[in-house]
Amino acid sequence: MASHSSSRQGEPHSEGPQHGDRVPARRSRLEMAFERWLWRIRLIAILPVVMSLLSSATAFICGTRIILSALKLLMAGGKESAIMAKLLGELVGGIDLYLIGIALLIFGYGVYELLISDIEAARIPGQDGGSGLLDIRTLDALKEKLVKVIVVALIVAAFKSMLDFPIAGPTSLLMFSGSVLLLALSAWLVAGGPHARRSGE
C-alpha cells in the first residue's frame, strides 16, 4: 500500500518536466518554419536578376543596331568631313550602350550570387568564367565593379558629347581642353590612380 501511494506521488513529478518541454519544442518548430519561409523570400531577387539580364540584352541589341547604321553610313559614302563626326558619334554611342549592358550584366550576376546561389558552372576547373568581372563574392566587389563600368560609360558619353562641341573662340577652346583633362583624370582614377603604378612596379 505504501509503495502504491509512493508511486502516485511520484507521477506529477515525472509529468511536469515533460509538459514544460513541449512549449519550447513547439516554439522551436514555429521558429524554424518561420525562418524557412523567411529564407525562401530571398528568391524574389530572381525578378531583378531576370530584368537586368533582359535589359543587358536590349542594350547589346541597341548598340549593335547603332554600329550597323554607322557602317551603312560609311558604305554609303559622301563628303568625308560631313559624315566623319556623325560616324564617330554613332560608333561611340554604340560602345556606350555596350558598356551599359555590361553594367547590367554584372548587376544581374552579382545579385544572383549574393542572394540566391553560387553559379557553379562559372567555377568548373579549367574554365576562366569566374575570374573576370563576373566573379562576385561580396557586396563590395559588386559595388566596385559596377562603379568602374559606369564611370567608363560616363566617360564615353562625355566623349560623344565633345564630338559636337562647337569651338568658336578662346573660351570654348579652354572649356574643351578642360573637358579633355577631366576625362583623362577620370580614366586615370578608374585605372587605379597612384595605386596602379605601385602594383605595376
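Just so it is clear, the model here is predicted, and its values are computed rather than measured.
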Measuring only between side-chain heavy atoms, which start at C-beta, is [X] closer than 4.5 Å to [Y]?
{"X": "Phe107", "Y": "Leu146", "answer": "yes"}
{"X": "Tyr112", "Y": "Ile136", "answer": "no"}
{"X": "Ile116", "Y": "Leu43", "answer": "yes"}
{"X": "Met32", "Y": "Glu35", "answer": "yes"}

Could you grab the distance from atom [atom1] of [X] to atom [atom2] of [Y], nearest 0.5 Å is fine?
{"X": "Ile102", "Y": "Lys145", "atom1": "CD1", "atom2": "NZ", "result": "13.0 Å"}
{"X": "Thr138", "Y": "Glu144", "atom1": "OG1", "atom2": "CD", "result": "8.5 Å"}
{"X": "Asp118", "Y": "Glu113", "atom1": "CG", "atom2": "CD", "result": "5.5 Å"}
{"X": "Phe176", "Y": "Leu181", "atom1": "CZ", "atom2": "CG", "result": "12.5 Å"}
{"X": "Ser52", "Y": "Tyr109", "atom1": "OG", "atom2": "OH", "result": "10.0 Å"}
{"X": "Ile46", "Y": "Leu115", "atom1": "CD1", "atom2": "CG", "result": "10.0 Å"}

Nearest atoms (heavy-atom pairs only) where [X] meets [Y]:
{"X": "Ile66", "Y": "Gly94", "result": "CG2-N, 3.9 Å"}
{"X": "Leu91", "Y": "Ala70", "result": "CD2-CB, 4.0 Å"}
{"X": "Asp96", "Y": "Ala153", "result": "OD1-O, 2.8 Å"}
{"X": "Glu90", "Y": "Ser69", "result": "OE1-OG, 3.2 Å"}
{"X": "Leu104", "Y": "Ser56", "result": "CD1-N, 3.7 Å"}

Should we say atom [atom1] of [X] is surrounded by more than 12 heavy atoms from elsewhere, each under 6.0 Å from it?
{"X": "Arg65", "atom1": "CZ", "value": "no"}
{"X": "Leu30", "atom1": "CG", "value": "yes"}
{"X": "Tyr98", "atom1": "OH", "value": "yes"}

Original post:
Do Arg42 side-chain atoms and Trp39 backbone N/O form a donor-acceptor pair below 3.5 Å?
Top reply: yes
Spell out, yes or no, whether [X] and [Y] are grouped together once hydrophobic residues are joined by side-chain heavy atoms under 4.5 Å, including indirect joins.
{"X": "Val49", "Y": "Leu139", "result": "yes"}
{"X": "Val180", "Y": "Leu88", "result": "yes"}
{"X": "Val50", "Y": "Phe60", "result": "yes"}
{"X": "Leu97", "Y": "Ile67", "result": "no"}
{"X": "Val92", "Y": "Leu154", "result": "no"}

